[in-house]
Amino acid sequence: MLTVCLFAMGSVYAQSSAGDLSSEEELVPLALEGIWENYSRYVIFDTGYLSNNEGESYIPQIVLRMFYQWYNDRAAESSEYTADTNRDQNDTTDTPAQEMLVRYVPLTYESYPLESGITTELSNGDILYSSGEMSGAWDIQIVYPPSKTVYHVPVCVIGNRLYLDFVTKNLGTISMDSDDDELIIDGYWRDWGEASGILISPPYNKTELLSYFVSGSSVYYIRYWRTNMEFDNGAIAVFSDGEDSFEVPKHLRAQGQVYTCVNGRGSKIRNITKSNALPEEYTLNEVTVERHGYDDEGNEITWLEKGATICALGEPYLTLTDGTRTIEQIVAEANARKKPLPPPLFPPHGILDFDWSIVELPPQNWFKRNAQLGK
């Protein structure tokens, strides 16, 4: 018999050698370190620059790859960094770089390979680590001074890929000996919202959440929308496909907003959407839990179970660079390039066949010939 064990995220706190990984704000997570890139930008979270005026918020750096990647503009960075490393002076950089303030709030457990020496201890004493690539999810809370408004950009990392579209699940595990890995994806996957990007100006966020409940070959789509209701962490909503009934949270708190899947005081979700698959390609993180318990004779025993807590949807937003170059080297090398001249309008025609005698000894009727050329 196969047993699926579920543990509520709200009652479990994670700790590791990297520090407290509870629901409190933390410094830049290890999984976010390095230089991240896509076609349009470079992003560095662990710049080392802090703003003591805003509760020790980190100041990230964003370099925009402008003009079809022919120029790198240091568009967001710490003013201290600008003073130490002068920016180019041109029409693109005539305004100071944006100084963003960022905090990182964990949304689920961080996991790292066992060989890294970083493990997460659960509240019951069990040990969590990655059985594949490192992973984690965070709500990046951004302030664009002088405004005090907090903008939310939920992100997750699996290995060297960073995603904006993802869902998370409470830590559910199955036996390490199980051959049915499809059971890992079973359960309720909650959405945290999706932002338009990690930008130098306020991002846009989707106004609705789309969570999923996976049961075997069935996937139920659960839509949440913004509400003015008071958040109730214990409120439950139910739905049925005619054969089985399921329970999910009625309220979700995400991006600083409260969302609901049922109007008013009701609890029944109507018009549920059922499918046999998630909406697009997805990537699961892989975690291993070292369980501790006692056998029938009272002897302490240890065993391993496997599971997943993050499901990233679609293509990554950023990927991690190989780390062989600093951002200063990347910017300098790109901006030192010279765009080649465009091809000539008329193809080259070899040696110009021109008789200078026409100029030196013009014919007597040259004025008539010029007049005729204009006809």
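The first residue of the sequence shown is numbered 1, and numbering continues consecutively from there.
Each of Ile272 and Val219 belongs to its own hydrophobic cluster when Ile, Leu, Val, Met, Phe, Trp and Tyr are linked at side-chain heavy-atom distances under 4.5 angstrom. Residue Val258 is not grouped with residue Trp225 when hydrophobic side chains (ILVMFWY) are merged at heavy-atom distances under 4.5 angstrom, including chains of intermediate members. Hydrophobic cluster membership is shared by Val157 and Val43, with clusters built from Ile, Leu, Val, Met, Phe, Trp and Tyr side chains linked at under 4.5 angstrom. Grouping the Ile, Leu, Val, Met, Phe, Trp and Tyr side chains by contacts below 4.5 angstrom, directly or via other members, places Leu162 with Ile142. Taken together through direct or relayed side-chain contacts under 4.5 Å among Ile, Leu, Val, Met, Phe, Trp and Tyr, Val214 and Tyr224 form parts of separate hydrophobic clusters.
Ser147 contributes no side-chain N or O that, together with a main-chain N or O of Tyr144, makes up a donor-acceptor pair within less than 3.5 Å. Remark: the backbone N or O of Gly266 is paired with a side-chain donor or acceptor of Lys250 at under 3.5 angstrom. The closest donor-acceptor contact from the side chain of His251 to the backbone of Asp232 lies under 3.5 Å. A donor-acceptor contact shorter than 3.5 Å links the side chain of Asp191 to the backbone of Leu210. Looking at Thr108, its side chain never comes within 3.5 Å of a backbone N or O of Thr168 through a donor-acceptor pair. With hydrogens and angles disregarded, no donor-acceptor distance shorter than 3.5 Å links the side chain of Ser111 to the backbone of Tyr129. Using modelled atom types, one side-chain atom of Thr321 and one backbone atom of Ile35 make a donor-acceptor pair closer than 3.5 Å. In this structure, Glu247 contributes its side chain and Val238 its backbone to no donor-acceptor pair below 3.5 Å. A side-chain donor-acceptor contact under 3.5 Å links Asn205 to the backbone of His152. Side chain of Arg41 to backbone of Ile198: a donor-acceptor contact under 3.5 angstrom is found.
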Quiz prompt | Stepwise side-chain contact (heavy atoms from CB on, under 4.5 Å) check, Ser267 with Val262 | solution = CA-CA 6 Å; Ser267 61; Val262 179; 5.6 Å; no

Quiz item: salt bridge (Lys or Arg N to Asp or Glu O under 4.0 Å) between Asp88 and Arg74: does it pass, once the steps are laid out?
Solution: CA-CA 9 Å; Asp88 292 342; Arg74 290 161 45 186; over 6 Å; no

Practice problem: Might you work through the side-chain contact (heavy atoms from CB on, under 4.5 Å) test for Ile118 and Leu30, ending with a clear yes or no? | Solution: CA-CA 10 Å; Ile118 302 176; Leu30 180 62; 3.2 Å; yes

Quiz item: How far apart are the C-alpha atoms of Arg161 and Glu315, what are their side-chain angles, what is the distance that settles it, and do they pass the salt bridge (Lys or Arg N to Asp or Glu O under 4.0 Å) test?
Solution: CA-CA 9 Å; Arg161 304 172 301 280; Glu315 296 295 323; over 6 Å; no

Quiz item: Does the side-chain contact (heavy atoms from CB on, under 4.5 Å) test come out yes or no for Ser217 and Asn276, once each step is laid out?
Solution: CA-CA 6 Å; Ser217 60; Asn276 59 0; 5.6 Å; no

Quiz prompt | Step-by-step side chain to side chain donor-acceptor pair (under 3.5 Å) determination, Gln257 to Tyr259 | solution = CA-CA 7 Å; Gln257 302 283 339; Tyr259 295 79; 5.9 Å; no

Quiz item: Given the rule in the side-chain contact (heavy atoms from CB on, under 4.5 Å) test, do Ile59 and Glu77 qualify, once you have shown the distances and angles that lead to the verdict?
Solution: CA-CA 7 Å; Ile59 304 176; Glu77 61 190 26; over 6 Å; no

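A donor and an acceptor atom, one from each side chain of Thr309 and Asn285, are located under 3.5 Å apart.
Between Gly307 and Ile184, the shortest heavy-atom distance links the atoms C-CG2, 3.7 Å. The two residues Ile310 and Ala137 have their closest heavy-atom pair at CD1-N, 4.0 Å. Across Pro203 and Tyr151, no two heavy atoms sit closer than the pair CD-CB, 4.0 Å. Scanning both residues, Met176 and Thr288, for their nearest heavy atoms gives CE-CG2, 3.7 Å. Pairing each heavy atom of Glu33 with each of Trp36, the nearest pair is O-NE1, 3.8 Å. Between Val143 and Pro145, the shortest heavy-atom distance links the atoms O-CD, 3.2 Å.
Under a cut-off of 6.0 angstrom, the local environment of CG in Asn233 is sparse, with at most 12 non-hydrogen atoms contributed by other residues, nucleotides or ligands. In this structure, Arg337 places its CZ atom where more than 12 heavy-atom neighbours from other residues, nucleotides or ligands lie under 6.0 Å away. More than 12 non-hydrogen atoms from other residues, nucleotides or ligands lie less than 6.0 angstrom from CD of Glu328. Few gaps surround CD on Glu280; more than 12 heavy atoms of other groups in view lie less than 6.0 Å from it. More than 12 non-hydrogen atoms from other residues, nucleotides or ligands lie less than 6.0 angstrom from CG of Asp84.
Looking at Tyr188 and Pro249, their side chains come closer than 4.5 Å, going by heavy atoms from C-beta outward. You'll find the side chain of Leu304 stays beyond 4.5 Å of the side chain of Arg291, heavy atoms only. Taking 4.5 Å as the limit, some side-chain heavy atom of Glu290 sits within range of a side-chain heavy atom of Thr302. Within the 4.5 Å cutoff, side-chain heavy atoms of Asn72 are placed close to those of Tyr42. Annotation: side chain of Pro29 is in contact with side chain of Glu110 (closest heavy-atom distance under 4.5 Å). Here the side chains of Leu318 and Tyr163 are not in contact, with every heavy-atom distance at 4.5 Å or above. With contacts defined as side-chain heavy-atom distances shorter than 4.5 Å, the pair Val331/Ile327 qualifies. Proximity of Phe213 to Phe239: side-chain heavy atoms (C-beta onward) are separated by under 4.5 Å at one or more points.
Residues Tyr221 and Tyr212 place their aromatic rings such that the two centres sit under 6.0 Å apart. Centroid-to-centroid, the aromatic rings of Tyr58 and Tyr49 stay 6.0 Å apart or farther. In this structure, Tyr220 has its ring center closer than 6.0 angstrom to the ring center of Phe246.
Glu208 has a carboxylate O that lies under 4.0 Å from a charged side-chain N of Arg223, or vice versa, which qualifies the two as a salt bridge.
To the nearest 0.5 Å, atoms SG (Cys311) and CG (Leu284) are separated by 5.0 Å. Between the CG atom in Leu209 and the OG1 atom in Thr260 there is a gap of 10.5 Å [rounded to 0.5 Å]. Going from atom CE of Met100 over to atom OG of Ser78 covers 12.5 Å, rounded to the nearest 0.5 Å.
Seen from the ring of Phe231, Arg253 counts as a face-on cation partner, given the 6.0 Å and 45° thresholds.
Aromatic ring orientation, Phe45 versus Tyr104: perpendicular (interplanar angle above 60°, classes split at 30° and 60°).
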Listed pairs under 3.5 Å, donor-acceptor, residues 62-70 side chains, sequence neighbours left out:
residue	atom	partner	partner atom	Å
Arg65	NH1	Glu37	OE1	3.4
Arg65	NH1	Asn38	O	2.8
Gln69	NE2	Tyr39	O	2.9

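With sequence neighbours left out, Ser130 forms a side-chain hydrogen bond (donor to acceptor under 3.5 Å, both in side chains) with no residue at all.
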